[in-house]
**Student:** 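Got a structure here, written out as structure tokens. Questions coming.
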Amino acid sequence: MVPIQNHDLAQRMAELARAASSPRSVEDVLTDVTATARELIPGADTAGVLLIGRNGKYESRAATTELPHKLDALQMAFDEGPCVQAAVGDLIVRTDDFRTERRWPKYSPAVVEFGVLSGLSVKLYTADRTAGALNMFAFTPHAFDTEDETIATVLAAHAAAAILASREGEQLQSALATRDRIGQAKGIIMERYGVDELRAFEMLKQLSQDSNTRLVDVAERVIDTRSSH
């Protein structure tokens with residue numbers, strides 16, 4: 001195993017951080033993370049990300065080849081495997097040789113059929129709605145060591161931060177859109193009924209309470225009435 005110097009990891013993480021500072025999609029960031037995992041972890045022949053939603057839905061993302069998607073599909077079919085275990089349970093799951101791995105009796109022999117002999121999965125993200133893991137696989141046994149685990153953990157933390165930032169951005173955009181819709185509805189009520197902004201908002205709130213409907217949905221209905229007039 002060729003050691004990765006600390007400054008190499010620091011340099012790559014700095015590059016990832018600079019890239020993340022500009023507006024980018026989660027998929028772009030995850031793609032950078034898996035590509036960097038391949039670059040900094042010599043034993044990794046391929047890498048990918050598995051996300052699992054609170055509803056149990058699997059998402060296979062940002063794979064450097066098609067293989068991780070196929071391996072994720074096996075885990076979905078068997079409901080077992082290192083990526084799932086890392087996503088919802090252990091922080092780090094390392095497999096030195098799938099030919100003798102007994103933790104996943106269905107998954108292990110299936111991946112050997114693809115030529116995969118070892119793997120490393122690191123918890124990517126855990127929250128109320130989503131769990132995830134950064135996953136690396138190799139065609140040779142004993143491809144990963146503790147140094148690789150450290151590098152993968154740093155990369156996984158970066159990917160997790162990107163997902164959190166994206167979720168926060170989505171929430172902000174949703175909040176701004178909600179505010180805009182309520183503002184439009186207030187304007188319509190003010191114009192139609194000759195009331196001030198405060199009274200228009202009170203009317204919206206009253207409609208919301210009387211109909212047991214979210215305020216933003218009431219606002220949408222008010223906006224819809226404008227097109228019918």
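Just so you know, these numbers use all the heavy atoms, side chains as well, and skip hydrogens, waters and symmetry mates. Note that the structure is predicted; figures quoted are calculated from it, not measured.
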**Student:** Might you point out which heavy atoms bring I151 and I41 nearest each other, and give the distance in Å?
**Tutor:**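 The pair with the smallest heavy-atom distance is CG2-CG1, 4.0 Å.
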**Student:** Do the side chains of V216 and V222 join up, straight or via other hydrophobic residues, at under 4.5 Å, putting them in one cluster?
**Tutor:**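 Per the 4.5 Å side-chain linkage, V216 and V222 are not co-clustered.
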**Student:** For the atom pair OG1 (T225) and CZ (R192), what is the distance rounded to the nearest 0.5 Å?
**Tutor:**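 Interatomic distance, T225 OG1 to R192 CZ, rounded to 0.5 Å: 4.0 Å.
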**Student:** Under the criterion side-chain contact (heavy atoms from CB on, under 4.5 Å), I'd like the reasoning laid out for F139 against L67: C-alpha separation, chi angles, the key distance, then a yes or no.
**Tutor:** CA-CA 11 Å; F139 299 124; L67 182 57; 3.7 Å; yes
**Student:** Can you tell me how far CG of L51 sits from CG of D72, rounded to the nearest 0.5 angstrom?
**Tutor:**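 It is 9.5 Å, given to the nearest 0.5 Å.
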**Student:** Could you tell me whether the side chain of V49 reaches within less than 4.5 Å of the side chain of E59, counting heavy atoms only?
**Tutor:**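 A side-chain contact is absent here, since even the closest heavy-atom pair is not under 4.5 Å.
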**Student:** For the CG atom of L50 and the CG atom of L124, what is their distance to the nearest 0.5 Å?
**Tutor:**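 Going from the CG atom of L50 to the CG atom of L124 covers 9.5 Å.
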**Student:** To the nearest 0.5 Å, what is the distance between CG (L204) and NZ (K186)?
**Tutor:**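 Rounded to the nearest 0.5 Å, the CG-NZ separation comes to 8.0 Å.
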**Student:** What I want to check is whether the side chains of D96 and S118 have a donor and an acceptor closer together than 3.5 Å.
**Tutor:**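 No, because no side-chain N or O of D96 sits under 3.5 Å from a partner of the opposite role on S118.
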**Student:** Would you mind reporting whether E149 and L120 have side-chain heavy atoms less than 4.5 Å apart?
**Tutor:**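 When only atoms from C-beta onward are counted, E149 and L120 do touch, with a gap below 4.5 Å.
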**Student:** Side-chain contact, heavy-atom cut-off 4.5 Å: V88 with I52?
**Tutor:**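 Side-chain contact under 4.5 Å: yes.
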**Student:** What's the spacing between T65 OG1 and D45 CG if we round to 0.5 Å?
**Tutor:**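 That separation rounds to 9.0 Å.
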**Student:** Between E202 and R199 (salt bridge meaning N to carboxylate O under 4.0 Å), is one present in this structure?
**Tutor:**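 Not counted as a salt bridge, because no side-chain N and carboxylate O are separated by less than 4.0 Å.
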**Student:** State, to 0.1 Å, how close M203 and V195 come at their nearest heavy-atom pair, and which atoms those are.
**Tutor:**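 Distance-wise, the nearest heavy atoms are SD-CG2, 4.2 Å.
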**Student:** Please give me the minimum heavy-atom distance between A152 and M136, naming the atom from each residue.
**Tutor:**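 So the two residues come closest at CB-CE, 3.8 Å.
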**Student:** For P109 and W104, which heavy atoms make the closest approach, and how far apart are they?
**Tutor:**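 Nearest heavy atoms, P109 then W104: CD-O, 4.0 Å.
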**Student:** Less than 4.5 Å apart, any side-chain heavy atom of I189 and any of F201?
**Tutor:**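 Counting from C-beta outward, I189 and F201 never come under 4.5 Å.
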**Student:** Check whether L40 and V33 end up in the same hydrophobic cluster, where Ile, Leu, Val, Met, Phe, Trp and Tyr are linked by side-chain heavy atoms less than 4.5 Å apart.
**Tutor:**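 Same cluster: L40 reaches V33 through Ile, Leu, Val, Met, Phe, Trp or Tyr contacts under 4.5 Å.
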**Student:** Taking atom CG of L91 and atom OG of S121, what is their separation to the nearest 0.5 Å?
**Tutor:**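 Result: 11.5 Å between the selected atoms.
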**Student:** Applying side-chain contact (heavy atoms from CB on, under 4.5 Å), run through T95 and F137 and close with a yes or a no.
**Tutor:** CA-CA 9 Å; T95 303; F137 299 96; over 6 Å; no
**Student:** Can any side-chain N or O of Q184 pair as donor or acceptor with the backbone N or O of I223 at less than 3.5 Å?
**Tutor:**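 It does not hold such a pair.
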**Student:** Just by distance, do the side chain of K123 and the backbone of A133 share a donor-acceptor pair under 3.5 Å?
**Tutor:**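 Pair absent, no side-chain N/O of K123 close to backbone of A133.
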**Student:** Is there a side-chain contact (heavy atoms from CB on, under 4.5 Å) between Q75 and Y107 once you walk through the steps?
**Tutor:** CA-CA 7 Å; Q75 294 186 92; Y107 176 81; 3.2 Å; yes
**Student:** Is the shortest heavy-atom distance from the side chain of S211 to the side chain of V218 under 4.5 Å?
**Tutor:**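 Yes; the side chains approach each other to less than 4.5 Å.
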**Student:** Does E27 CD have over 12 foreign heavy atoms under 6.0 Å away?
**Tutor:**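 Yes, enclosed.
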**Student:** Treating S108 as the side-chain partner and P105 as the backbone partner, does any N or O pair qualify as donor plus acceptor under 3.5 Å?
**Tutor:**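 Flag not set: sc S108 to bb P105 has no pair under 3.5 Å.
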**Student:** Any heavy-atom pair between the side chains of L207 and T213 that's under 4.5 Å?
**Tutor:**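 T213 does not reach L207 side chain to side chain.
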**Student:** For A143 and D148, which heavy atoms make the closest approach, and how far apart are they?
**Tutor:**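 Closest pair (atom of A143, atom of D148, distance): O-OD2, 3.7 Å.
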**Student:** I'd like to know if the side chain of T64 and the backbone of A47 have a donor-acceptor N/O pair within less than 3.5 Å.
**Tutor:**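 Yes, the answer is positive, given that a donor and an acceptor are paired below the 3.5 Å cut-off.
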**Student:** Which heavy-atom pair separates R94 from R103 by the least distance, and what is that distance?
**Tutor:**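 Smallest interatomic distance, heavy atoms only, reads O-NH2, 3.0 Å.
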**Student:** Give the cluster check for Y193 versus L215: same hydrophobic cluster or not, with ILVMFWY residues linked at side-chain heavy-atom distances below 4.5 Å.
**Tutor:**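 In one cluster with Y193: L215, yes.
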